[in-house]
Amino acid sequence: MAVTGDETESATTGGMSGYQMSSPASGLSQVMDSSPDSLPSPQLLAEEASRKRELRLMKNREAARECRRKKKEYVKCLENRVAVLEKQNKTLIEELKALKDIYCCKNE
DNA sequence: CGGATCGTGCGTCACCAAGG
DNA sequence: CCTTGGTGACGCACGATCCG
C-alpha cells in the first residue's frame, strides 16, 4: 500500500550502504560469458540475488507486522494490569481507613 | 476552505542473538 | 562462520483535527 510501488529501492534514508547489490546484471555482467562451462552466468546470479532479496524483504515485512501486533497486545495487557492494580489499591486504602476507624474508637 | 499539525500504520534497514 | 527471526529507528503516506 502507499509508497507507489516502483522498485525505487527506498534509498531515501541517506547512508544506507549494505545491501543494494547494485544489480551486477548491468555493465560488467554483460561481458559475454567467455567460458562455456563456467557456472551460473552473471545474469542468473543477479536474478538469484534479487529473488533472495525480495524474499528477505517479504519475510521481514511480515515479521515487522507481527512484531507490532505483539507489542500492541503487550501494551494493552499492561494497561489492563494498571487498571486492576489501581482498583486494588483503592480497595486497600478504603480497608485501611475502616480499620483505623475501628482502632480509634476502641481506644477511647 | 485549505494549510498546519498530530497520530498511526507501514516498509525498509541495521543490528543483535540464537541456532545450525 | 552463515542464516534467520525479532526489534528499534527512520522516513513516508494518509486520515483526523485544529485554526486562521
Side-chain angles (χ1 to χ4, degrees):
Chain A
M1 51 145 64
V3 188
T4 49
D6 305 349
E7 57 277 77
T8 32
E9 281 297 15
S10 88
T12 44
T13 31
M16 273 295 119
S17 77
Y19 302 103
Q20 229 79 286
M21 78 220 11
S22 61
S23 64
S26 55
L28 273 179
S29 59
Q30 295 296 46
V31 187
M32 48 190 136
D33 90 54
S34 39
S35 40
D37 26 333
S38 68
L39 301 179
S41 69
Q43 181 102 356
L44 277 184
L45 283 179
E47 277 172 21
E48 173 72 3
S50 105
R51 221 194 72 246
K52 274 187 179 171
R53 174 181 154 77
E54 280 316 307
L55 193 66
R56 191 178 60 74
L57 286 183
M58 199 180 81
K59 281 187 176 178
N60 188 242
R61 202 177 302 140
E62 276 160 25
R65 235 178 267 156
E66 176 66 6
C67 183
R68 286 173 180 135
R69 191 191 63 74
K70 277 166 60 183
K71 187 174 181 178
K72 235 174 154 183
E73 196 177 294
Y74 174 67
V75 168
K76 209 183 276 178
C77 274
L78 285 184
E79 285 169 347
N80 282 345
R81 188 161 160 69
V82 166
V84 166
L85 290 175
E86 274 176 345
K87 195 173 169 187
Q88 197 176 329
N89 195 37
K90 222 176 188 176
T91 307
L92 288 172
I93 286 174
E94 301 265 320
E95 202 178 319
L96 178 61
K97 211 161 89 182
L99 288 174
K100 272 183 178 171
D101 280 353
I102 292 175
Y103 179 73
C104 279
C105 294
K106 245 188 184 173
N107 264 6
E108 303 259 329

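Letters A, B, ... are given to chains in the order of the sequence lines, protein chains preceding strands, and every chain is numbered from 1. Note that these values count all heavy atoms, side chains included, but never hydrogens, waters or copies made by symmetry.
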Could you pull out every donor-acceptor pair under 3.5 Å between side chains of residues 59-69 of chain A and any protein atom, sequence neighbours left out?
{"residue": "E66(A)", "atom": "OE1", "partner": "R69(A)", "partner atom": "NE", "Å": "3.2"}
{"residue": "E66(A)", "atom": "OE2", "partner": "R69(A)", "partner atom": "NH2", "Å": "2.8"}
{"residue": "R69(A)", "atom": "NH1", "partner": "E73(A)", "partner atom": "OE1", "Å": "3.0"}

### Query
When clusters are formed from ILVMFWY side-chain contacts under 4.5 Å, directly or step by step, what else is grouped with Y74(A)?
L78(A)
### Qualifying residues under salt bridge (charged side-chain N to carboxylate O under 4.0 Å, His left out), relative to R81(A), sequence neighbours excluded
none
### Query
CG of L45(A) to OG of S50(A): how many Å apart, nearest 0.5 Å?
11.5 Å
## Note on the structure
When E54(A), R53(A), K52(A) are each screened for side chain to side chain contact (heavy atoms under 4.5 Å, CB included) with R56(A), the one that passes is R53(A)
### Nucleotide dC15(B), atom P - distance to CZ of R56(A) in whole Å
13 Å
### Query
Rounded to whole angstrom units, what separation is found between the CZ atom of R61(A) and the P atom of dG6(C)?
16 Å
### Task
Take the protein atom CZ of R53(A) and the nucleotide atom P of dT12(B), then report the distance between them rounded to whole Å.
8 Å
Under 3.5 Å, N/O pairs linking protein and nucleotides 16-20 of chain B:
none

### Task
Output the rest of the hydrophobic cluster of L92(A): all Ile, Leu, Val, Met, Phe, Trp and Tyr residues reachable through side-chain heavy-atom contacts under 4.5 Å, sorted by chain and number.
none
Please list each protein N or O that sits under 3.5 Å from an N or O in nucleotides 1-5 of chain C, with the distance.
none

### Sub-4.0 Å heavy-atom contacts from residues 65-82 of chain A onto DNA chain B, ordered by number
R65(A), R68(A), K72(A)
### Query
Who are the side chain to side chain donor-acceptor pair (under 3.5 Å) partners of E48(A), not counting sequence neighbours?
R51(A)
### side chain to side chain donor-acceptor pair (under 3.5 Å) involving E47(A) - partner list, sequence neighbours excluded
none
### Query
What residues form a side chain to side chain donor-acceptor pair (under 3.5 Å) with Q88(A), not counting sequence neighbours?
none
### Task
Kindly compute the distance separating CG (L85(A)) from CG (N80(A)), expressed to the nearest 0.5 Å.
11.0 Å
